[in-house]
K.L.:
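Below is one structure. I have some questions about it.
This structure is a prediction, so every number in the text was calculated from the model and none was measured.
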There are 2 protein chains.
Amino acid sequence: MDTRHLQIFLTLAELRHFGRASQACHLSPSALTRTIQRLEEELGQPLFLRDNRRVSLTPVGEQFRSYARRAVQEWRAVRSALRKTDDLTGSLSIYASVTAVYSLLPRLLESFRQAYREVQLELRTGVAEQAVGLVQNGEIDLAVAALPDRHRASLQFLPLLHTPLLFIAPPFGAGSGLPLRDGLIDLSRVPMVVPQQGLSRRRLDQWLKERRILPNISSEVSGNEALIAMVRLGCGIGIVPELVLSRSPFRDEVRILEKAPHLDPYVVGLCSSKSNLQRPVAQAFWQLAVEQAGERSGL
Amino acid sequence: MDTRHLQIFLTLAELRHFGRASQACHLSPSALTRTIQRLEEELGQPLFLRDNRRVSLTPVGEQFRSYARRAVQEWRAVRSALRKTDDLTGSLSIYASVTAVYSLLPRLLESFRQAYREVQLELRTGVAEQAVGLVQNGEIDLAVAALPDRHRASLQFLPLLHTPLLFIAPPFGAGSGLPLRDGLIDLSRVPMVVPQQGLSRRRLDQWLKERRILPNISSEVSGNEALIAMVRLGCGIGIVPELVLSRSPFRDEVRILEKAPHLDPYVVGLCSSKSNLQRPVAQAFWQLAVEQAGERSGL
DNA sequence: CTCCATGTTGCTTATTTTGCAACATGATAT
DNA sequence: ATATCATGTTGCAAAATAAGCAACATGGAG
C-alpha cells in the first residue's frame with residue numbers, strides 16, 4: 001500500500017466526485033478510477049458506491065478512510081521528523097480577493113501556518129480579476145478568488161466554495177413595486193447597478209444573452225462592496241454573492257429580491273500554475289485546501 | 001511510501017546483510033540496494049551504514065524502523081479486517097526433519113498459528129534428505145530441514161539456524177587415546193560411523209577430499225539419532241550437529257572431541273519452490289521466518 | 001428523445017522497477 | 001605484497017506498472 005494511493009483515496013472521499021478529485025490530484029479521471037479500482041481489488045470490497053449521479057463511501061470505505069487518514073498522517077510525521085533537508089521551507093505568496101480574505105482564507109491560513117511553521121507566508125489582497133494574471137506570470141504562487149469559467153491548460157483550479165448570486169434592491173418602497181415579466185423581474189426595464197467585470201458580470205451577461213434581453217444599466221461599479229453601497233443609495237438593483245452581502249455592514253439596508261433570475265452560483269477557489277504546483281510548499285497548501293473543502297461539504 | 005518498501009527495509013534491518021535480505025525478499029541485490037537508496041533519498045538521510053563488511057542501522061534508521069514496523073502492522077490489520085475474501089485461508093503443508101521439529105519449528109508454528117488462525121496446518125516429519133524432493137514435486141509447500149549447498153533455481157532457501165558439527169566418540173578409554181596427525185585426529189586410522197547421506201556426510205566428504213584422506217568407515221547409518229546410538233556403542237567416532245546432540249538422551253554418554261577437523265556448520269532453514277511462494281499463505285510463513293531469524297541473530 | 005454529466009474501458013505512451021553483468025572496495029589468505 | 005573472496009553498487013536493457021487520450025456506457029434533465 002502506497003501513501004500516495006491513500007492520499008488519492010482520501011481526496012475522492014472528501015470531494016465525492018471523480019472528476020473534481022482527479023483534478024485536485026492532478027490526475028486524469030481514468031488514472032483516478034484505476035487507482036480506486038486497485039484499492040478495491042486489494043481489499044476485495046468496494047470502497048465507493050457510484051450511482052452515476054453521486055459518489056458515496058461504503059461502510060468499508062468509511063473504515064478504510066479512518067485508516068488512511070492515520071497512515072498518511074503518521075507518514076508525514078516521521079518524514080518531517082527524520083528529514084534533514086526540510087523542503088517545506090521557503091516562502092509562499094498568496095493573492096486573495098476581499099471576499100476570499102473574509103470567507104475561507106482565515107481557516108486555510110491558520111491550519112497551514114500551524115502545519116508548516118517554517119514557511120514564510122506573503123498575502124496580497126486585491127480584485128479577483130487580477131488573480132489569474134498574477135498567477136500566470138508567476139508574480140504569485142497561489143490565488144484565492146472567484147474562478148473564471150474557462151481557463152488555460154497551464155493553470156489549475158480548485159473550487160472551494162459556492163455561494164448563490166443574489167439580486168438586491170434598495171429598501172424603500174417596501175412593496176415589490178418592480179415590473180415583472182414571466183413572473184420574474186423585467187431586467188430590460190428596471191435600472192441596474194452592475195460590476196464592470198468579474199464573475200457576477202459574466203454570469204449576468206450570459207443569462208441576458210441567452211434570453212436576448214437588453215438590460216437597463218444605470219451604473220457600472222468595481223467591487224462587490226461598492227455595488228452594495230450604490231444599490232443602497234437607490235441607483236438600481238444589483239447582483240452580489242450572498243457571502244459578500246452577509247458580511248456587509250449594509251446587509252440590513254437592502255432587500256433581497258425573490259422573483260429574480262437564477263444565476264449560476266459564484267465560485268471561489270484556489271488557482272495556481274501547474275509549474276508552481278511542482279513545489280512541495282504549494283502542493284502542501286493545495287492538499288490542505290482539498291481537505292478543508294471536504295470537511296465543509298461534509299457538514 | 002509503499003508498505004512493500006517498508007517490508008523490504010525491515011527485512012534488511014533484521015538480517016543486516018544485503019545479499020541475504022535480497023534473497024529473503026525474492027529480489028536481486030541491485031533491486032534491494034535501489035529500494036533502500038530511494039528510501040534514503042526520500043528522507044535525505046542514510047538509514048544504514050555499510051562498511052563493506054557489516055551493515056548496521058543509523059540512529060535515524062532505528063527510528064524509521066519503529067515507524068515501519070507500526071505502519072506495516074497497521075496495514076496488515078486493516079487489510080485482514082476489511083478483506084472479504086480472506087486469502088490467508090486454506091492449508092499449508094510443512095515437512096520437517098526431526099532436528100527441525102525440536103529446534104526452530106515450535107516457535108515458528110506457534111506464531112504462525114496465532115497470526116493466521118484460519119489456516120489449516122499439516123505437519124509431516126521425516127529425514128532431511130527427502131525434503132527438497134518433496135518440495136520440488138509439489139507434495140508439500142514448505143520444508144524445514146538441513147539445506148543443501150547448491151540447489152536448483154526453481155527453489156528458494158532461507159537459512160534460519162546454524163549449528164556446529166561436532167565429532168563425538170564413545171565415552172570409554174577416558175584418555176584421548178586416538179591417533180593424531182597434524183594435531184588433529186587422524187581420520188584415516190580411526191574407525192568412523194557416518195551417515196549414508198545428508199548434509200553432514202557431504203561436509204565430511206568434502207573435507208576429506210580436499211585433503212585426499214581415505215577414511216576408515218566402520219559403519220554407515222541413517223539419521224543423526226541412530227548415529228549417536230552407534231557411537232555410544234563404541235563403533236567409532238561420528239559427526240553430529242550440536243543441536244541434535246544437545247537434545248539427545250545420550251548426550252552425556254558420548255565425548256565431544258576437541259582435536260577434530262573443523263567442518264562448516266550445519267545449516268537448517270526453510271525451503272520452498274518459487275511457484276509455491278506466490279501463494280499468500282506461504283509468503284506469510286516465509287516472512288514470519290525472516291522476522292524470527294532476525295530476532296534470533298539480534299540476541 | 002436528445003443532450004449532458006460522469007464514470008469506465010481499450011489502447012498507446014511514459015515512468016518506474018527489476019535483473020544481469022561488470023565494477024569497486026576492503027578484508028583474508030598465500 | 002598479491003591474489004582471491006565477499007559484498008555492495010552502478011550502467012544498461014527488459015519488464016512491469018501507471019498514466020493519458022479517446023471512445024464508450026449509463027442514467028438524468030431539458
K.L.:
Can we call the ring centroids of B/Phe64 and B/Phe48 under 6.0 Å apart?
P.N.:
no
K.L.:
Return the minimal non-hydrogen interatomic distance between B/Ala143 and B/Val135, and the atom names on each side.
P.N.:
CB-CG2, 3.6 Å
K.L.:
What is the separation between atom CD1 on B/Ile36 and atom P on D/dG8, rounded to the nearest whole Å?
P.N.:
12 Å
K.L.:
When you measure from the side chain of B/Ser273 to the backbone N and O of B/Gln136, does any donor-acceptor pair fall under 3.5 Å?
P.N.:
no
K.L.:
If the cut-off is 4.0 Å, is A/Arg50 near the phosphate of C/dT8, judged by side-chain N/O to OP1 or OP2?
P.N.:
yes
K.L.:
Provide, to the nearest angstrom, the distance between the CG atom belonging to A/Asp2 and the P atom belonging to C/dT17.
P.N.:
9 Å
K.L.:
Could you check how far CG of B/Leu47 sits from P of D/dT9, rounded to whole Å?
P.N.:
12 Å
K.L.:
Looking at B/Glu41, I want to see if its CD is surrounded by more than 12 non-hydrogen atoms of other residues, nucleotides or ligands under 6.0 Å.
P.N.:
no
K.L.:
Using heavy-atom distances to pick each residue's nearest nucleotide on DNA chain D, tell me which of A/His5 and A/Ser30 is more 5'.
P.N.:
A/His5
K.L.:
Report yes if a donor N or O on one partner sits less than 3.5 Å from an acceptor N or O on the other, where the partners are the side chain of A/Arg34 and the base of D/dG20; otherwise report no.
P.N.:
yes
K.L.:
At under 4.0 Å, does any side-chain N or O of B/Arg38 touch on OP1 or OP2 of C/dT18?
P.N.:
yes
K.L.:
Please report the distance, rounded to the nearest Å, between CD in A/Glu42 and P in D/dA18.
P.N.:
11 Å
K.L.:
Between C1' on D/dT9 and CD on B/Glu41, what's the gap in Å once rounded to a whole number?
P.N.:
15 Å
K.L.:
Think A/Thr35 has a side-chain N or O under 4.0 angstrom from the OP1 or OP2 of D/dA19?
P.N.:
yes
K.L.:
Does C/dG7 have OP1 or OP2 sitting under 4.0 Å from an N or O in the side chain of A/Gln37?
P.N.:
no
K.L.:
Given atom CZ of A/Phe18 and atom P of D/dT26, what is their separation to the nearest angstrom?
P.N.:
16 Å
K.L.:
Taking only the side-chain nitrogens and oxygens of A/Arg4, find out if one of them lies under 4.0 Å from OP1 or OP2 of D/dA19.
P.N.:
yes
K.L.:
I'd like to know if B/Glu40 pairs up with B/Arg50 as an ion pair, taking the criterion as any Lys NZ or Arg NE/NH1/NH2 lying under 4.0 Å from an Asp or Glu carboxylate oxygen.
P.N.:
yes
K.L.:
Send over the distance from A/Asp51 CG to C/dA5 P, rounded to a whole Å.
P.N.:
17 Å
K.L.:
When the distance from CZ of B/Arg54 to C1' of C/dG26 is rounded to whole Å, what number comes out?
P.N.:
13 Å
K.L.:
Please work out if B/Leu27 contacts a base, only the sugar-phosphate, or nothing of the nucleic acid, heavy-atom cut-off 4.0 Å.
P.N.:
sugar-phosphate
K.L.:
For A/Arg53 and for A/Ser28, find the nucleotide of DNA chain D with the closest heavy atom, then tell me which residue's nucleotide is more 5'.
P.N.:
A/Ser28
